[in-house]
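All remarks here apply to the structure that follows.
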Amino acid sequence: MEIKLSELIAPQFYDIHWDIKEGRHTHYKIYGGRGSTKSSFVAIEIILGMMEDSDANAACFRKVKDTLSESVFEQLLWAIDVLGVSHLWEESRSPLKLTYKPTGQRIVFRGCDDPNKSKSIKLRHGYFKYIWYEERAEFAGDEDERKINQSLMRGGDKYVVFYTWNPPKSLNSWVNQDVLQVREDTLCHHSTYLTVPKKWLGEQFLIEAEELKKRKRLAYRYEYLGEAIGTGGKVFDNVILRDITDVEIAIFDKIKQGLDFGFAADPLAFERMHYNKKQRRLFIFAEIYQVNLKTRKAVAEIKKLNPDNKIITADSEEPRSIDFFNELGLRVYPAKKGPGSVDFGVAFLADDLDEIIIDPVRCPNAAREFSSYELERDKNGNFRGSYPDKDNHSIDAVRYAMEGEMINKKAKIRNKARRGLR
């Protein structure tokens, strides 16, 4: 079948198309703004892929079953039409189903009101090579996806799982956090309408986009560029997520380390970093972040990241744990804390540092916490006066590690105030 790729797929998806053809990844997380044609791309890939592989079937999911017929189902019918293969496919509205006539391969559609129902989906021939979760942000979390994948990803040698959605505003949304997690078998891709051929979108779409861009820049970034712009309460605007190379780490000489204790409900969080005081840049390049981590095991893991046995500043509310860690060979000192230390410490990290550079592969939890930490609002929509005490274990560990710098700053502030009173 001779298909001109450029006539069906926007340029921003060319590389992903070939990535799928060459089997480089299993999971494709494709998110972006309005008009980015991400759903059209996935529909094309599924139809083409099934027609090229007689063992391939597909299962498509949305959170609510009733939304399938007017979204995913219609999108796949569109793909069948533009590919010019309508005569080879049979559609059924009850139950919702598409069948490839030459081989009997099927595309089935399900809602995720009960993910366990996916266990009952059976095939006469082949396996579910393609799985598609549309409007992923509707889901409460990835638990439903995991259950479905565990049920369907059996009996085949190659799978392609698509996840498509428009990012929610909140940086804390689980889908916005999910794309920060690094997996070798997963490709994440952000798309916009900007590289889509104008004739595909139509003149009015472009007029509306440009008008919103002029009037409400933030709304434009959220709706058309698919950016998670946050709720307006983002705390750390100075965070940079990038690889920190071994070459850089080899010359780090101002090492600071922090430890936040935890076990069952909360994780133990250890962070190792380098502080360039002159440039006001903090590099976070190693971490341990784990629940149910027993003390001896925790010490052994910390020693691997801390071969030079540098000082560690830890939560002072756990004196017995500190003593035990020291007995096992570490050098752990309690943080001094004091009234207002949390707010002062977070403000120091957010305002006094020009850059907090975090390696998201080496330190995925620090990357997640720092990039998503937001002020909370009260029932009237106003921001609360203090920083939230949740999802901040890595942040706390970094605060403890940097406590010496904060104490120095407080001393300077006090001295300046005293001089002013004289």
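By the salt bridge (Lys or Arg N to Asp or Glu O under 4.0 Å) test, D66 pairs with no residue at all, sequence neighbours left out. D142 meets the salt bridge (Lys or Arg N to Asp or Glu O under 4.0 Å) test with R146; sequence neighbours excluded. Listed by chain and number, the residues in a side-chain contact (heavy atoms from CB on, under 4.5 Å) with H25 are D19, Y28, L187 (sequence neighbours excluded).
Using cut-offs of 30° and 60° on the angle between ring planes, the pair F252 and F285 is tilted. The aromatic rings of F162 and Y130 lie parallel to each other, their planes meeting at an angle below 30°, with 60° marking the opposite boundary.
Rounding to the nearest 0.5 angstrom, the gap separating the CG atom in L282 from the NE2 atom in H274 is 9.0 Å. In this structure, S36 OG and N166 CG are separated by 7.0 Å, a value rounded to the nearest 0.5 Å. Interatomic distance, I16 CD1 to W18 CH2, rounded to the nearest 0.5 Å: 14.0 Å.
With a 6.0 Å cutoff to the six-membered ring centre and a 45° limit on the axis angle, R34 counts as a cation-pi contact of Y224. Judged by the 6.0 Å and 45° rule, K169 forms a cation-pi pair with Y222. Cation-pi check for K29 over Y163 is met; the charged atom lies under 6.0 angstrom from the ring centroid and within 45 degrees of its normal.
Taking the charged nitrogens against the carboxylate oxygens, D243 and R362 have no contact shorter than 4.0 Å, which rules out a salt bridge. One finds a salt bridge joining R272 and D308 here, because a Lys/Arg side-chain nitrogen approaches an Asp/Glu carboxylate oxygen to under 4.0 Å. A salt bridge links R281 to E355: at least one charged side-chain nitrogen sits closer than 4.0 Å to a carboxylate oxygen. Salt bridge present: R136 and E145 bring a charged side-chain N and a carboxylate O closer than 4.0 Å. Taking 4.0 Å as the cut-off between side-chain N and carboxylate O, R221 and E227 count as a salt-bridged pair. Between D53 and K129, at least one side-chain N (NZ, or NE/NH1/NH2) sits under 4.0 Å from a carboxylate O, which counts as a salt bridge. A salt bridge does not link R24 with D185: none of the charged nitrogens is closer than 4.0 Å to a carboxylate oxygen. Ion pairing of E405 with R399 is absent here, as no side-chain N (NZ or NE/NH1/NH2) approaches a carboxylate O to less than 4.0 Å.
Under 3.5 Å, the side chains of S69 and E74 contain no donor-acceptor pair of N or O atoms. Between H17 and E45, the side chains place a donor N or O and an acceptor N or O closer than 3.5 Å (distance only, hydrogens not considered). Residues S40 and Q75 have side chains that bring a donor and an acceptor to within less than 3.5 angstrom of each other. Side chain to side chain, T67 and R62 meet the donor-acceptor criterion of an N or O pair below 3.5 Å. E134 and T164 share a side-chain donor-acceptor pair at under 3.5 Å.
Screening residues 295-329 for ring-ring contact (aromatic ring centres under 6.0 Å, His included), with sequence neighbours left out, gives F261-F325. Residue pairs meeting the salt bridge (charged side-chain N to carboxylate O under 4.0 Å, His left out) criterion with at least one partner in residues 284-299, sequence neighbours excluded, are K297-E301.
Not one N or O on the side chain of E271 forms a donor-acceptor pair closer than 3.5 Å with the backbone of S394. Not a single donor-acceptor pair under 3.5 Å links the side chain of N57 to the backbone N or O of L123. Looking at Y159, its side chain does come within 3.5 Å of a backbone N or O of R154 through a donor-acceptor pair. Between the side chain of W174 and the main chain of F139, a donor-acceptor pair closer than 3.5 Å is present. The closest donor-acceptor contact from the side chain of H190 to the backbone of L225 lies under 3.5 Å.
Note: F13 and H189 meet the aromatic proximity criterion, with ring centroids under 6.0 Å apart.
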Donor-acceptor contacts under 3.5 Å from residues 194-219 side chains, at least two apart:
residue, atom, partner, partner atom, Å
Q204, NE2, E208, OE2, 2.9

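Of all non-hydrogen atoms in A335 and Y400, the two that sit nearest each other are CB-CD2, 3.8 Å.
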